[in-house]
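Contents: one structure, followed by commentary.
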Amino acid sequence: DNVWLSYQLNRPAQSDGIIIAFRRKDCDEESLVVKLRGLDPKVNYELIDEDSNLAVTKTGEELIKGLTLIAKDKPGSLLIIYKMVPSH
């Protein structure tokens with residue numbers, strides 16, 4: 001109960017997926033860095049935090065290197081939806 005639990009569900013055919021993370025009740029770490037898999041490093045992805053409804057855009061390369069997740073509450077959870085942004 002003193003560590004984060006997180007996982008990624010990636011749908012390559014749809015170029016999207018979700019990240020689910022849980023900060024457990026005895027976890028003292030407010031943040032966790034996750035390295036996403038199955039993404040195209042050369043394209044942009046929009047990430048939407050389902051709790052705050054905030055959206056950010058990052059490159060696949062950035063997400064592969066590491067995305068910092070933050071949960072102030074313990075226990076706490078995050079649900080982030082991501083999708084590839086079409087290039088114009």
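Position 1 is the first residue of the sequence; numbering continues from there. Quick caveat, the model's predicted, so the values are computed rather than measured.
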* Does the pair I48 and N53 meet the rule for a side chain to side chain contact (heavy atoms under 4.5 Å, CB included), with working shown? -> CA-CA 6 Å; I48 301 170; N53 218 22; 3.9 Å; yes
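To the nearest 0.5 Å, atom CG of residue D16 and atom OH of residue Y82 are 7.5 Å apart. The distance from atom NZ of K74 to atom CG of D1, rounded to the nearest 0.5 Å, is 11.5 Å. Atom CG in L69 sits 6.5 Å away from atom OG in S6 (nearest 0.5 Å). With values rounded to the nearest 0.5 angstrom, Q8 atom CD is found 10.5 Å from I20 atom CD1. Going from atom CD of E61 over to atom CG of D40 covers 10.5 Å, rounded to the nearest 0.5 Å. Between I70 atom CD1 and R23 atom CZ the span is 10.5 Å, to the nearest 0.5 Å.
A side-chain contact (heavy atoms from CB on, under 4.5 Å) with I19 holds for exactly one of L36, L9, L78; it is L36.
Residues S31 and T68 share a closest heavy-atom pair of CB-CG2, 4.0 Å. Closest heavy-atom contact between G66 and V33: CA-CG1, 3.9 Å. The two residues L5 and R24 make their nearest non-hydrogen contact at CB-NH2, 3.6 Å. Nearest approach of N10 to G38, heavy atoms of both residues: ND2-O, 3.4 Å.
Linking ILVMFWY side-chain heavy atoms closer than 4.5 Å, directly or via other members, places L39 and V56 in a single hydrophobic cluster. Both M84 and L47 belong to a single network of hydrophobic side chains, linked directly or stepwise wherever heavy atoms of I, L, V, M, F, W or Y lie under 4.5 Å apart. In terms of hydrophobic clustering, with Ile, Leu, Val, Met, Phe, Trp and Tyr side chains grouped at heavy-atom distances under 4.5 Å, W4 and F22 are assigned to different clusters. Residues I81 and V43 fall into different hydrophobic clusters, defined by Ile, Leu, Val, Met, Phe, Trp and Tyr side chains chained together at heavy-atom separations under 4.5 Å. I64 and Y45 fall within a single hydrophobic cluster, where Ile, Leu, Val, Met, Phe, Trp and Tyr side chains are chained together by heavy-atom contacts under 4.5 Å.
The residues E30 and K72 are annotated as salt-bridged, a charged nitrogen and a carboxylate oxygen being separated by less than 4.0 angstrom.
Within 6.0 Å of NZ on K83 lie no more than 12 heavy atoms contributed by other residues, nucleotides or ligands. Counting non-hydrogen atoms of neighbouring residues, nucleotides and ligands closer than 6.0 angstrom, the CD atom of E29 reaches no more than 12 such neighbours.
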